[in-house]
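Below you'll find the structure, written out as structure tokens, and then a few comments.
Just so you know, these numbers use all the heavy atoms, side chains as well, and skip hydrogens, waters and symmetry mates.
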Amino acid sequence: MALTPQETARYQRHLSLPGFGPAAQEKLKSASVLVVGAGGLGCPALLYLAAAGVGRIAVVDPDRVDASNLQRQVLYTGEDVGVNKAEAAARRLRLLNPLIRIDAHPVRLDRANALELVRPCDLVVDGSDNFATRYLVNDACAIAGRPFVYGAIQGFEGHVSVFNWKGGPTYRCLFPEPPEPGTVPSCAEAGVLGAVTGLIGTAQACEAIKVLAVIGQPLSGRLLVWNALTMAFSTLGLRRDPAARPITELPEEGYGENCGAPGTPDEIDRDGLRRMMREGERVQLLDVREDWERESAAIEPSLHVPLWRLENSAASDLAPFDPSVTTVVYCAAGVRSLRGIRILRERHGYRSALSLRGGMRDWEQ
């Protein structure tokens, strides 16, 4: 696809770059990319992919912009709070580069739509923030024969790699199975330095451009690890697992939130809890969030014991709770609460302890 005079003027710094030039830019113009998640990783990736001139970019995200997103999700302003992220991102990207096509999909990537969204694209950038979506992206890309650029952050550390590229490793070669629910905190639970998402998301955009423009050596078979506190970069080698089974179809189950099927026996959803409270059933509420989280909102009446204290708690810390009464534990997003119910069951004999699915995030919605 030959470049127009407008495109030649806009991308001249690419065109004059040795090893890139018009041929690579034309490849970007004819390319199509799916970006899953327009959050901390997706925002910088989207900005640089759009600015670079990728011909078509599809954005998938069901969430709405929240004030807490503005610390790191640089596509949005305060005026976007309450607006769907995919639609807000598309509007901003069209202003950044009106010469490309931006498609907004304000839906959650799930088993029903994954292949339909992945197949029309040449590459997928995974900016999701949960394991369930990462495994779904991996499996859909493996079936469709599409490479995907992986990025993940935790606190001050970030990872980047390229999976399913020219017979290279898939995400399941690195992590064959999802972790147990509650064992890995989300960004909302553990926090994140905003600039870390910026660097990792930008690195994802760079890897995507390399794959699409056929330049350099993409991070296939390698995992880049960066620590912001020490500014240390390291690269770990990865191999395709020879024992891995070929992925030919999406599993019926295993892509629910928190890597489990919806409605696990350890959880209760917001509607279930509201019904219990409305009908006067005996239920005890335990908030395992930090003090500063509780100051903004809480489900009352509830006992407040932060998870770090619950992990070293004595029975007296839970007074006046009754271990025989149904106890619902809640946190910000339903991750720490899963750890909390295990502590109640294993150390304190609570036979009917449940985690509030989605935590305060779902409760307030």
Side-chain angles (χ1 to χ4, degrees), residues 14 19-20 23-37 41-42 44-46 48-50 52-60 109 114-128 131 133-153 158-178 199-226 233-250:
H14 278 176
F20 199 89
Q25 190 64 50
E26 289 168 4
K27 288 184 175 70
L28 292 185
K29 179 179 179 177
S30 64
S32 177
V33 172
L34 173 67
V35 178
V36 179
L41 297 175
L46 284 164
Y48 278 103
L49 290 172
V54 172
R56 174 181 173 269
I57 299 174
V59 191
V60 178
L109 189 79
L115 290 173
E116 178 184 349
L117 289 167
V118 167
R119 280 187 170 129
C121 298
D122 300 306
L123 175 145
V124 176
V125 174
D126 177 26
S128 63
F131 287 101
T133 303
R134 288 181 195 143
Y135 281 93
L136 177 57
V137 168
N138 176 82
D139 294 355
C141 286
I143 294 170
R146 302 291 186 268
F148 87 90
V149 182
Y150 158 75
I153 49 93
H159 296 174
V160 183
S161 189
V162 176
F163 292 116
N164 201 43
W165 186 71
K166 293 187 175 181
T170 72
Y171 183 65
R172 288 188 183 271
C173 297
L174 178 63
F175 300 114
E177 298 295 335
L199 189 144
I200 297 301
T202 301
Q204 287 182 273
C206 188
E207 289 301 301
I209 290 170
K210 286 161 58 180
V211 171
L212 296 171
V214 195
I215 61 170
Q217 297 179 340
L219 280 168
S220 177
R222 295 178 293 156
L223 177 70
L224 178 69
V225 180
W226 175 61
F233 287 85
S234 58
T235 305
L236 309 178
L238 299 175
R239 292 186 304 170
R240 186 173 182 87
D241 184 357
R245 296 180 180 177
I247 301 170
T248 57
E249 60 181 3
L250 300 178

*Taking the side chain from Y48 and the backbone from C206, do they hold a donor-acceptor pair closer than 3.5 Å?*
no

_Heavy-atom side-chain contact between Q204 and P44 under 4.5 Å_ = no

*Answer yes when K210 and E207 have at least one side-chain N-carboxylate O distance shorter than 4.0 Å, and no when they do not.*
yes

_So, taking the atom named CD in Q25 and the one named OG in S30, what distance separates them when rounded to the nearest 0.5 Å?_
10.0 Å

*asked:* To the nearest 0.5 Å, what is the distance between OG on S234 and NE2 on H159?
replied: 8.0 Å

*Closest heavy-atom contact between S32 and P120?*
OG-O, 3.8 Å

*With side chains defined as the heavy atoms from C-beta onward, is the minimum distance between L238 and S161 less than 4.5 Å?*
yes

*Can you tell me how far CG of L28 sits from CG of L49, rounded to the nearest 0.5 angstrom?*
9.0 Å

*Could you tell me the separation between the CG atom of L174 and the CG atom of L236, rounded to the nearest 0.5 Å?*
9.0 Å

*Any idea which heavy atoms bring V33 and C121 closest together, and the distance?*
C-SG, 3.9 Å

_side chain to side chain contact (heavy atoms under 4.5 Å, CB included) between V36 and F148, intermediate numbers included_ = CA-CA 10 Å; V36 179; F148 87 90; over 6 Å; no

*Within a strict 4.5 Å, meaning less than it, do heavy atoms of the R240 and T170 side chains meet?*
yes

*Search all heavy atoms of P169 against all heavy atoms of R239 and return the closest pair with its distance.*
CG-C, 3.7 Å

_Using the rule side chain to side chain contact (heavy atoms under 4.5 Å, CB included), only one of D126, D122, L117 pairs with L34; which is it?_
L117

*Calculate, to the nearest 0.5 Å, the distance between atoms CZ and CG belonging to F163 and N138 respectively.*
7.5 Å

*What are the two closest heavy atoms between A203 and V160, and how far apart are they?*
CB-CG2, 4.0 Å

*Does R146 reach the main-chain N or O of V124 with its side chain, forming a donor-acceptor pair under 3.5 Å?*
no

_R172: which of D139, N164, D241 passes side-chain hydrogen bond (donor to acceptor under 3.5 Å, both in side chains)_ = D139

_Value rounded to 0.5 Å, distance of CD1 in I209 from NZ in K27_ = 14.0 Å

*asked:* Testing the basics here: between A208 and L123, what is the closest heavy-atom pair and its distance to 0.1 Å?
replied: CB-CD2, 3.7 Å

*Among F131, Y150, W165, whose ring-ring contact (aromatic ring centres under 6.0 Å, His included) with Y171 holds?*
Y150

*Under 4.5 Å between any side-chain heavy atoms of L223 and L219, yes or no?*
no

_Considering all heavy atoms, the nearest A140-L250 contact_ = N-CD2, 3.9 Å

